[in-house]
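Treat the numbers as computed from the prediction; the structure is a model and nothing was measured. Proteins come first, then strands; the chains are lettered A, B, ... in the order of their sequence lines, and each starts at number 1.
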Amino acid sequence: MKGDFIQNLPKIYGLYTGGFIIFILLMAVLEQMGVSAETIGILFVLFTIFIYAAIGWLSRTMEVGAYYVAGRQVPPVFNGMATAADWMSGASFVALAGGIYFGGYGYLAFVVGWTGGYVLVAALMAPYLRKFGCYTVPDFVGTRYGGNLARFCAVVVLVVASFTYVTAQINATGTIAARALQIPFEVGVWFGLLGILLCSMLGGMRAVTWTQVAQYIVLIIAYLVPVIWMSNKQGFGIIPQFSYGEAVHRIAELEKEFGVGTKATESFPGVRVLTTLTNNPGGTLSSWKFATLALCMMAGTASLPHILMRYFTTPSVRAARKSVAWSLFFIFLLYFTSPALATLTKLQIFDPTLATGIIGKSFADVQALEWIQKWHAVGMLAISDSNGDGLLQVNEFFMRPDIVVLATPEIAGLPYVISGLVAAGGMAAAMSTADGLLLAIANALSHDLYYKIIDPKADTKHRLIVARALLLIIGAAGAAVASLQLTGILGAVAWAFDFACSGLFFPLVLGVWWKRANRAGAIAGMVLGFGAGAFYLFHLRTGGAEILGLDHLRFGIVGMAVSLVSMVVVTLMTPEPDEETQQMVDEVRIPSGRAILSESH
Amino acid sequence: MSQNDSDARERHWEKTRSLMILVLVLWFIFSLVIPWFAKDLNSLNFLGFPLGYYMCVQGSLIVFVLLIFFLNWRQDAIDDEFGFSGEDGGEE
């Protein structure tokens with residue numbers, strides 16, 4: 001191929017996508033020839049991980065600029081895909097549709113929050129941080145406000161938020177690897193970590209960028225194919241996202257008929273029956289809950305370092321802005337499909353006129369279904385004829401919310417090759433996010449803590465060795481915590497957003513938009529905001545009462561309020577920043593000219 | 001920094017700020033106000049969906065995507081107007 005790597009990107013990834021589709025078709029042929037479902041699942045997961053590892057190996061580097069910011073040459077569209085993969089985690093891919101299936105309207109706050117946040121990223125943050133020319137988010141805080149204490153506070157918030165998040169992702173890779181490769185969960189976690197480290201160890205940000213683009217392509221194909229297939233079978237056309245309105249109405253009728261909302265009379269550990277209506281916005285309290293959750297997720301999006309640092313890799317300020325738009329577009333493709341998937345799957349299970357409908361059917365028949373038995377065997381599904389009428393009622397069908405996406409191909413009676421594809425997609429989603437997070441943590445510790453605070457004279461080779469060693473240590477710590485399975489996937493992810501917005505949102509925004517903001521104010525904003533959020537979470541977890549209906553998913557509201565007030569008050573009580581800092585802020589506000597920090601800072 | 005340059009910077013920032021406020025107002029309406037009234041909007045139908053539901057699963061999301069493309073288009077125009085585009089070889 002002629003020309004350099006960057007110019008050839010569309011060609012390279014075009015070939016890659018074609019190759020992946022051929023692989024899927026090959027698997028379909030193997031299935032027809034009688035190869036077992038287990039083998040196909042294993043092939044899917046191993047083949048995709050092998051490709052990512054190969055990309056990681058080819059992108060190895062010993063240059064600081066390439067390691068931290070991929071040489072600042074990633075074109076906006078590709079950075080958009082990489083950000084989308086970085087962003088969409090196991091929670092978006094595996095858990096979100098299941099959450100909507102069970103949680104109805106209240107859950108849509110995640111959908112709105114995880115997309116609306118990008119408007120904040122584009123309007124308030126990304127272009128200005130790119131102009132700054134920093135390597136990490138604490139790099140911005142440390143330079144804008146000056147002093148090691150401010151930098152250190154930012155590192156602490158970053159590490160806590162990202163570490164909470166990364167354990168959830170390693171947990172997700174472990175769950176999927178365990179199921180697809182038929183190994184115990186504890187082994188699956190370490191296997192997942194190995195895959196993650198193969199992608200990021202040698203090439204840092206450069207390797208992570210190019211694997212994330214590859215992972216995005218796998219995950220979006222894996223998410224869209226089953227939904228489109230299912231929709232065709234149900235007669236909603238090729239683009240179901242615009243035409244499943246009928247299904248929403250139909251489900252509302254069926255929900256009435258089946259009496260959704262009746263509590264189960266029995267219970268099984270880890271699984272639950274559907275009791276919430278699909279489309280059920282309530283009064284003011286439910287609106288308040290929706291708005292506070294959406295707000296936490298949006299502000300969290302705009303303060304999570306692994307997302308912000310993706311915009312440091314573009315060639316210019318304008319490219320950074322453009323790439324935020326592309327990121328949201330690529331994310332949107334999955335997020336507007338997720339509710340469609342939840343709705344169509346529910347219809348598959350509910351509708352008595354479809355062959356796949358099970359509610360109201362004979363209990364013995366349902367019990368004999370293969371997918372019911374398979375998921376039952378691993379304890380993720382249960383049915384029980386509680387009222388003894390010989391029929392399966394809606395409050396007798398128990399399921400773990402997390403399995404909705406993974407089980408959908410089987411529920412809808414699609415060939416097993418689709419299940420293998422979905423497993424590979426889930427793996428790609430969890431791995432790409434874990435990669436970005438591990439790198440964010442390791443980079444903050446190696447660049448900000450080690451190089452900027454502990455040993456500013458360290459040479460390049462030393463810095464990059466420290467960065468890699470930290471990556472290994474943090475990955476291992478994450479896997480160790482993940483194998484304990486302390487929280488569910490979605491809960492831990494929401495906490496990460498709350499931590500990030502409590503401590504970082506206002507110090508970052510006001511650093512650009514309020515020239516008067518000074519060091520003392522920023523430190524107060526980070527320490528008190530983060531402290532208040534963490535304290536409120538602790539208060540709730542130790543049995544304390546909720547204030548204003550803010551539960552553990554929404555503690556960022558408390559953190560942000562304290563952060564804003566303390567930052568403004570302390571700033572106004574202390575002298576304004578010096579002339580040099582004010583000029584720096586002026587310089588950040590225009591896209592042209594040199595970056596604030598030199599290339600080799 | 002010459003007087004002219006500093007003037008241009010000030011006006012550039014003023015316009016940027018107004019654009020930011022406009023974008024955030026639209027963002028606020030579609031991310032918080034509309035979902036707040038989802039129940040009332042559900043009595044209306046849109047493309048076969050109850051409107052409140054539609055906005056939360058799709059409508060607002062589409063608006064967000066378009067809003068960022070709109071922001072970029074306007075911001076580029078503002079940067080070009082004052083010669084701050086940063087795409088003319090003035091890169092680091």
Tell me, side chain or backbone of B:Trp36 under 4.5 Å from chain A's heavy atoms, or both, or neither?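 Answer is both: backbone and side chain atoms of B:Trp36 are under 4.5 Å from chain A.
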
Once rounded to the nearest 0.5 Å, what's the spacing between atom [atom1] of [X] and atom [atom2] of [Y]?
X        : Y        : atom1 : atom2 : result
B:Met20  : A:Leu120 : CE    : CG    : 10.5 Å
A:Lys131 : B:Phe84  : NZ    : CZ    : 9.5 Å
B:Ile68  : A:Phe332 : CD1   : CZ    : 12.0 Å
A:Trp114 : B:Phe64  : CH2   : CZ    : 14.5 Å

If I compare all heavy atoms of B:Leu32 with all of A:Ala291, which pair ends up nearest, and what's the gap?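 Nearest heavy atoms, B:Leu32 then A:Ala291: CD2-O, 3.6 Å.
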
Nearest non-hydrogen partners of B:Asp79 and A:Pro591, listed with the distance: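 Smallest interatomic distance, heavy atoms only, reads OD2-CG, 3.0 Å.
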
Hey, which of [options] has the most heavy atom pairs under 4.5 Å with chain A?
options                   : result
B:Arg17, B:Gln75, B:Glu10 : B:Gln75
B:Leu26, B:Asn72, B:Val63 : B:Asn72
B:Phe82, B:Tyr53, B:Phe37 : B:Tyr53
B:Phe69, B:Phe46, B:Trp13 : B:Trp13
B:Val23, B:Val33, B:Asp80 : B:Asp80

Sequence neighbours left out, what passes side-chain contact (heavy atoms from CB on, under 4.5 Å) with A:Val585? Give chain and number order.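 A:Val585 satisfies side-chain contact (heavy atoms from CB on, under 4.5 Å) with A:Arg144, A:Lys515, A:Arg589 only.
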
Side-chain atoms of residues 55-62 of chain B: list all donor-acceptor pairs with protein atoms under 3.5 Å, sequence neighbours left out, distances to 0.1 Å.
residue: B:Gln58; atom: OE1; partner: B:Tyr54; partner atom: OH; Å: 3.2
residue: B:Gln58; atom: NE2; partner: A:Gln241; partner atom: O; Å: 2.6
residue: B:Ser60; atom: OG; partner: B:Phe30; partner atom: O; Å: 2.8
residue: B:Ser60; atom: OG; partner: B:Met55; partner atom: O; Å: 3.4

Below 4.5 Å from any heavy atom of chain B, which atoms of [X] appear? Answer side chain, backbone, both or neither.
X        : answer
A:Ile331 : neither
A:Val112 : both
A:Thr343 : side chain
A:Tyr105 : side chain

B:Lys15, NZ atom: more than 12 neighbouring heavy atoms under 6.0 Å: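 For B:Lys15, atom NZ is not crowded (no more than 12 foreign heavy atoms under 6.0 Å).
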
Flag the pair B:Asp76 and A:Lys322 as a salt bridge only when some basic side-chain nitrogen lies within less than 4.0 angstrom of an acidic carboxylate oxygen.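 Salt bridge flag = no for A:Lys322 with B:Asp76.
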
Checking B:Phe49 against A:Tyr244 for the ring pair (Phe, Tyr, Trp, His ring centres under 6.0 Å) test, could you report, in this order, the C-alpha distance in whole Å, the side-chain angles of both residues, the deciding distance, and whether it holds? CA-CA 8 Å; B:Phe49 289 86; A:Tyr244 70 95; 4.8 Å; yes

Take B:Trp27 and A:Tyr118, measure what ring pair (Phe, Tyr, Trp, His ring centres under 6.0 Å) needs, and give me the verdict at the end. CA-CA 10 Å; B:Trp27 163 82; A:Tyr118 278 84; over 10 Å; no

Winner by heavy-atom pair count (cut-off under 4.5 Å) against chain B, out of A:Ala123, A:Ala247, A:Ser327, A:Gly113: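 Top count of heavy-atom pairs under 4.5 Å with chain B: A:Ala123.
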
Heavy-atom pairs under 4.5 Å with chain B: which of A:Ile590, A:Leu108, A:Val111 has the most?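 Highest number of pairs under 4.5 Å: A:Ile590.
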
